[in-house]
Amino acid sequence: MWGHVVVAISGAPDSMVERGCRLLAIEHFIAKAPRHRSIGDRVTRDVQEPICHGAGKLHFATEFAAFHGSDLRSSYFSADSAIDLPPLERVGNPVAVSPQRLLRQHSWRSVRFLELAEIVR
């Protein structure tokens with residue numbers, strides 16, 4: 001459908017990402033949100049490294065690209081926050097989607113969220 005292999009990489013809970021990917025017909029996703037566990041009357045966060053934002057997203061994107069024989073220099077990556085600068089700086093086609101103020105300072109292509117699908121078709 002998209003003309004590209006599309007993968008959603010998110011720090012959100014996997015159930016949320018999976019549901020969104022199904023709605024958008026995105027076959028691949030990586031979601032690594034911290035998990036919460038109850039121990040007695042306390043709730044703890046079980047953080048599995050690397051976390052899935054910033055350099056962690058670059059780690060997962062690099063791993064996915066290597067496994068699928070893709071090259072990040074010809075890949076697209078979109079983000080709305082400057083925290084995701086590491087993967088944005090490594091791909092050949094960075095796109096700022098509805099960017100927060102700090103990300104708008106970069107000269108990358110900037111689009112609103114609803115325009116994103118037109119870029120990768």
Enquirer: List the atom of A12, the atom of A31, and the distance in Å for their closest heavy-atom pair.
Expert: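 Minimum heavy-atom contact is O-CB, 3.5 Å.
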
Enquirer: List the atom pairs, with distances to 0.1 Å, where a side-chain N or O of residues 55-66 and a protein N or O form a donor-acceptor pair under 3.5 Å, not counting sequence neighbours.
Expert:
from, atom 1, to, atom 2, distance (Å)
K57, NZ, D84, OD2, 3.1
H59, NE2, E63, OE2, 3.4
T62, OG1, L58, O, 2.8

Enquirer: Hydrophobic clusters here meaning ILVMFWY residues chained together by side-chain heavy-atom distances under 4.5 Å, can you tell me if V6 and L24 are in one?
Expert: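 Yes, it is one cluster - the side chains of V6 and L24 are joined through contacts under 4.5 Å.
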
Enquirer: Please check if I30 and V5 belong to a single hydrophobic cluster, counting links between Ile, Leu, Val, Met, Phe, Trp and Tyr side chain heavy atoms closer than 4.5 Å.
Expert: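 Same hydrophobic cluster.
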
Enquirer: According to a 4.5 Å side-chain heavy-atom criterion applied to Ile, Leu, Val, Met, Phe, Trp and Tyr, with indirect links allowed, do V17 and I26 form part of one hydrophobic cluster?
Expert: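 No, no single cluster joins them.
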
Enquirer: Could you please spell out the steps behind the side chain to side chain contact (heavy atoms under 4.5 Å, CB included) verdict for V95 and Y76?
Expert: CA-CA 7 Å; V95 180; Y76 289 80; 4.3 Å; yes

Enquirer: Please collect all side-chain hydrogen bond (donor to acceptor under 3.5 Å, both in side chains) contacts where either partner lies in residues 19-30, sequence neighbours excluded, each pair once.
Expert: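 Counting only pairs at least two positions apart or across chains, no side-chain hydrogen bond (donor to acceptor under 3.5 Å, both in side chains) contact touches residues 19-30.
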
Enquirer: Minimum heavy-atom separation for S75 and V91, please, with both atom names.
Expert: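 Distance-wise, the nearest heavy atoms are O-CB, 3.5 Å.
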
Enquirer: Say you draw a straight line from OG of S70 to NE2 of H4; how long is it, rounded to the nearest 0.5 Å?
Expert: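 Between atom OG of S70 and atom NE2 of H4 there are 11.0 Å.
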
Enquirer: Heavy-atom distance under 4.5 Å between the side chains of C21 and F29, does that happen here?
Expert: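 The answer is yes, as the side chains (C-beta and beyond) meet within the 4.5 Å cut-off.
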
Enquirer: Of all the heavy-atom pairs spanning G54 and P87, show the shortest one and how long it is.
Expert: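 Residues G54 and P87, closest heavy atoms: O-CD, 3.4 Å.
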
Enquirer: At what distance, to the nearest 0.5 angstrom, does NE2 of H53 lie from OG of S10?
Expert: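 Between atom NE2 of H53 and atom OG of S10 there are 11.0 Å.
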
Enquirer: Measure the CZ-CG distance between R104 and D80 for me, rounded to the nearest 0.5 Å.
Expert: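 Going from the CZ atom of R104 to the CG atom of D80 covers 11.0 Å.
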
Enquirer: Honestly curious: do I9 and I83 fall in one hydrophobic cluster under the side-chain, below-4.5 Å linking rule?
Expert: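 No; I83 is not reachable from I9 via cluster members.
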
Enquirer: What's the separation between atom CG in N93 and atom OG in S78, rounded to the nearest 0.5 Å?
Expert: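 Those atoms lie 11.5 Å apart.
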
Enquirer: Given side chain to side chain contact (heavy atoms under 4.5 Å, CB included), test L85 with H106 step by step and report yes or no.
Expert: CA-CA 10 Å; L85 282 172; H106 295 270; 3.5 Å; yes

Enquirer: Suppose the criterion is ring-ring contact (aromatic ring centres under 6.0 Å, His included): which pairs have a residue in residues 79-100, not counting sequence neighbours?
Expert: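 Output for this query is empty, none listed.
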
